[in-house]
Amino acid sequence: MSQFVDECQLNVKGGDGGAGCISFRREGPVVLGGPNGGDGGDGGAIWLVADHNVASLLAFKDHPHRRAGRGVHGKGKDQHGRRGESLEIKVPIGTKASDLYTGEVYAELNNQGDRWMAAAGGRGGRGNAKFLSNKRRAPSFAEQGEHGEERWLKLDLRLMADVALVGFPNVGKSTLISVISAAKPKIANYPFTTLEPNLGVVSLDDDTEFVVADIPGLIEGASEGKGLGHQFLRHVERARVLCLMIDLAPMDGIWPNEQERILLDELGSYQPDLLERPRIVVGTKADMVQEGDLEVMEWEGDVVSSITGDGLGSLVGKMASLVHDARQEIRYDDGLIVIRPEPSGAVVERVDDGEFRLVGRDVERVVALNDVTTPEALSYIDYRLEKLGVPKMLAKAGAVEGDVIWIGEFSFDYQPDR
């Protein structure tokens, strides 16, 4: 069974915030002193972290759910709840995270240590001690904890390699990478032996080292998904140099020049700028053909044999030279850090005739965090909504008396100011 997974789904949920406490001091003969309810702790967040020690997304294939710790509820005597434990999820370098349903790209973790907050933890509720004021000497309500963010993600892995070996099935890519590096891929004399990319490190000296990727064999129509083409081609995207390997002794009878044409067509159809990458074109299995055969096939390019070693030194030297030049042109950055601005304040949306919805983090928190079952808490919600300018916004939007106003899952009948 393959242990390499380059695409998966991941469900993440930040920890819920702890609830604030309702409590009053009891000192000697004073039965109910001032409020001393503590705040609830914030929920833990979930982070995706790029780690070079992680090779694939296998860990999420059968276990896609990840949860951060929830905040502890507040207690009396001004005891605040503990913050929930955050969770760091290690993913391979080159992982892209996007929304499973909309496809919106959230982050690309391309460098060691890149971090992205996949799900924020909920804010802890304030205890009743925080609502003490000159007008409210004994507040009998506290805030509830906010729910942590939850979303389904799609994770895609695109390997980072200096050189990608591209060619038809059974062209000798696995054999070549096993000879020029320490990689030990599966090798057999039939098409599609390789069903997952293999990486090998080629070291020429202490200062020259590069990574070669053995991309599973491409066939005509791969750019349209034929033969698992999309799954294979994705790993070519981030390669700095392409090495097109042409079979000089093909089992299917496709001549070398035709193989090269098909490979270039598939690469260009999948992603046009791949044709602008530095590339090497080399004929393989030179030990199986005679010099006269090459003339008949009209092949004038370089040839190598992984069995006899002919031409390998020159090929590796060309790879090293092109990789060196490509590296000089690359601008290294700190990875793509995506900041998603959250709507603040409030926005009025018309749902239906006589029905409106208030949207915005600030206004949604007013009802999400507060207890809507007590008159005193409802009075505080009215106060907070007025401070946010909600009554004026509703009047401007055309709301009339009796219209239903929604905030999250909470609704009330609109009563205009007199």
How about [X] and [Y]: do any of their side-chain heavy atoms sit closer than 4.5 Å?
X      : Y      : value
Leu48  : Asp114 : no
Asp162 : Val241 : no
Val348 : Leu358 : yes
Leu394 : Lys396 : no
Cys243 : Met319 : yes
Asp51  : Ile93  : no
Leu267 : Leu242 : yes
Tyr380 : Arg136 : yes

Measure the [atom1]-[atom2] distance between [X] and [Y] for me, rounded to the nearest 0.5 Å.
X      : Y      : atom1 : atom2 : value
His73  : Gln144 : NE2   : CD    : 8.5 Å
Leu132 : Asn36  : CG    : CG    : 11.0 Å
Trp406 : Asp352 : CH2   : CG    : 12.0 Å
Ile262 : Phe168 : CD1   : CZ    : 4.0 Å
Gln9   : Leu57  : CD    : CG    : 12.0 Å
Ser140 : Ile22  : OG    : CD1   : 6.5 Å

Gln271 atom CD: more than 12 heavy-atom contacts under 6.0 Å
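Counting neighbours around CD of Gln271, more than 12 heavy atoms of other residues, nucleotides or ligands fall under 6.0 Å, so yes.
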Enclosure of Glu386 CD (heavy-atom neighbours >12, cutoff 6.0 Å):
no
Under 4.0 Å between a side-chain nitrogen and a carboxylate oxygen: does that hold for [X] and [Y]?
X      : Y      : answer
Asp16  : Lys13  : yes
Asp42  : Arg123 : no
Glu7   : Lys154 : yes
Arg261 : Glu266 : no

Look at the side chain of [X] and the backbone N and O of [Y], then say whether any donor-acceptor pair between them is shorter than 3.5 Å.
X      : Y      : answer
Arg277 : Ala239 : yes
Glu349 : Phe356 : no
Asp39  : Gly127 : yes
Lys173 : Ala213 : no
Glu149 : Ala120 : yes
Ser23  : Gly37  : no
Asp382 : Ser379 : no
Ser178 : Thr175 : yes
Asp325 : Leu322 : no
Asp310 : Ser305 : no

Considering non-hydrogen atoms only, spot the tightest contact between [X] and [Y] and give its length.
X      : Y      : value
Asn128 : Phe141 : CB-O, 3.1 Å
Leu263 : Gly167 : CD1-CA, 3.9 Å
Ile46  : Gly14  : CD1-N, 4.4 Å
Asp156 : Ser98  : OD2-OG, 4.4 Å
Trp116 : Ala97  : CZ3-CB, 3.9 Å
Cys21  : Gly76  : SG-N, 3.6 Å

Pick from Thr284, Ile177, Leu176: which one makes a side chain to side chain contact (heavy atoms under 4.5 Å, CB included) with Ser306?
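When side chain to side chain contact (heavy atoms under 4.5 Å, CB included) is applied between Ser306 and each of Thr284, Ile177, Leu176, only Leu176 qualifies.
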Run Leu264 and Arg279 through side chain to side chain contact (heavy atoms under 4.5 Å, CB included) and show every step you take.
CA-CA 11 Å; Leu264 292 176; Arg279 68 173 179 263; 3.7 Å; yes
For residues Trp152 and Tyr101, establish whether the separation of their ring centroids is below 6.0 Å.
no
What residue among Arg66, Arg151, His65 forms side-chain hydrogen bond (donor to acceptor under 3.5 Å, both in side chains) with Asn11?
His65
From the options Lys130, Arg126, Arg384, select the one residue that forms a salt bridge (charged side-chain N to carboxylate O under 4.0 Å, His left out) with Glu143.
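The option that passes is Arg126.
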